Amino acid sequence: MARGGQGLARVAVVVRAGAAPLWWCGVVAAGVGAVPSGITGRRIGVMAGAALFIVAAAAVALVRRRRYTALARAAVRAGKHDVLQDRGVAVRNWRRGHRWWLLLAFAAALGSAFAVPAAAGLLLAGCGAGLRLKAAWLGRLERAGDALLWVRVDWLAGNGGRPAGKAVRSYRSTGIAAGDAAPGGARRRTAALV
């Protein structure tokens with residue numbers, strides 16, 4: 001990075017990166033986990049799983065909102081030598097950094113189905129849904145401020161996550177058309193006009 005520029009990753013992209021893997025791991029684990037009747041029986045397992053899904057989605061979507069809002073309000077304009085990380089790179093970094101956790105969570109969800117069918121799978125899916133909701137909320141925050149939010153890559157955790165962790169001191173902002181991801185971290189449907 002020339003002349004003191006920093007590598008920047010989109011905050012919403014980092015948040016959203018875990019949504020799809022958690023969702024699909026959870027859905028598959030819940031589907032397979034519904035096959036054994038388990039200790040509690042399928043009906044109780046699925047009802048418990050539905051409650052866990054709702055609680056997990058709400059908790060993940062709402063946690064640390066104050067911190068995100070404070071960092072967004074204090075965001076400084078990105079410098080001309082800052083390098084904006086592609087969406088695909090940020091997503092790949094998060095998924096590589098969390099692959100063993102995802103595999104372990106999937107295995108645990110499958111194993112727990114012999115006690116409480118489908119419940120742990122629905123819990124995982126709820127976490128994925130919560131991350132998607134949080135990314136959508138960040139998208140609304142970006143649209144309201146008419147600026148995209150970025151975090152320095154070297155302030156992220158070693159596994160590519162925690163865009164509002166203790167190491168993050170501030171966000172940077174760019175215009176709404178910068179980068180290859182739309183507000184909220186989704187892939188842009190059409191190329192942005194410059």
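This one's a predicted model, so the numbers in the text were calculated from it and none came from an experiment.
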Cut-off 3.5 Å, no hydrogens considered: what does the side-chain donor-acceptor table look like for residues 49-59, sequence neighbours left out?
none

Would the distance check show the side chain of D180 and the main-chain N or O of R87 forming a donor-acceptor pair, the cut-off being under 3.5 Å?
yes
Once side-chain hydrogen bond (donor to acceptor under 3.5 Å, both in side chains) is applied, do any residues pair with R42, and if so which ones, sequence neighbours excluded?
none
Of all residues at least two apart in sequence or in a different chain, which pass the side-chain hydrogen bond (donor to acceptor under 3.5 Å, both in side chains) check with T174?
W150
side-chain hydrogen bond (donor to acceptor under 3.5 Å, both in side chains) pairs, two or more places apart, involving residues 61-77
none
Minimum side-chain heavy-atom gap S170-W155 below 4.5 Å:
yes
Is the side chain of D82 donor-acceptor paired with the backbone N or O of G79 at a distance under 3.5 Å, no angle test?
yes
Sorted by chain and residue number, the side chain to side chain contact (heavy atoms under 4.5 Å, CB included) partners of T40 (sequence neighbours excluded) come out as I44, V116, P117
In a table with atom names and distances, give each donor-acceptor pair under 3.5 Å that connects a side chain of residues 127-136 to protein atoms at least two apart or in another chain.
residue	atom	partner	partner atom	Å
K134	NZ	V60	O	3.1
K134	NZ	V63	O	2.8

Looking at residues at least two apart in the chain, or sitting in another chain, which of them share a side chain to side chain contact (heavy atoms under 4.5 Å, CB included) with R92?
V89, R96
Let me confirm one number: the OG-CD1 distance from S112 to I39, rounded to the nearest 0.5 Å.
10.5 Å
Residues 10-31, side-chain donor-acceptor partners within the protein, below 3.5 Å, at least two apart:
residue	atom	partner	partner atom	Å
R10	NE	E142	OE2	3.4
R10	NH1	A181	O	2.9
R10	NH2	E142	OE1	2.9
R10	NH2	E142	OE2	3.2
R10	NH2	A182	O	3.1

Closest approach of L148 and A178, non-hydrogen atoms and distance?
CD1-O, 3.1 Å
Value for CG (L149) from OH (Y171), rounded to nearest 0.5 Å, stands at 7.0 Å
Could you go through the side-chain contact (heavy atoms from CB on, under 4.5 Å) check for V83 and L8 one step at a time?
CA-CA 6 Å; V83 178; L8 302 178; over 6 Å; no
Mind checking what makes side chain to side chain contact (heavy atoms under 4.5 Å, CB included) contact with D154, not counting sequence neighbours?
Q6, R152
Of all residues at least two apart in sequence or in a different chain, which pass the side chain to side chain contact (heavy atoms under 4.5 Å, CB included) check with V153?
A9, Q85
Which pairs pass ring pair (Phe, Tyr, Trp, His ring centres under 6.0 Å) with one or both residues in residues 96-140, sequence neighbours excluded?
W94-H98
Could you list the residues that satisfy salt bridge (Lys or Arg N to Asp or Glu O under 4.0 Å) with R162, not counting sequence neighbours?
none
Can you tell me if N159 uses its side chain to pair, donor with acceptor, with the backbone of G161 under 3.5 Å?
yes
What's the separation between atom CG in L138 and atom CZ in R140, rounded to the nearest 0.5 Å?
9.0 Å
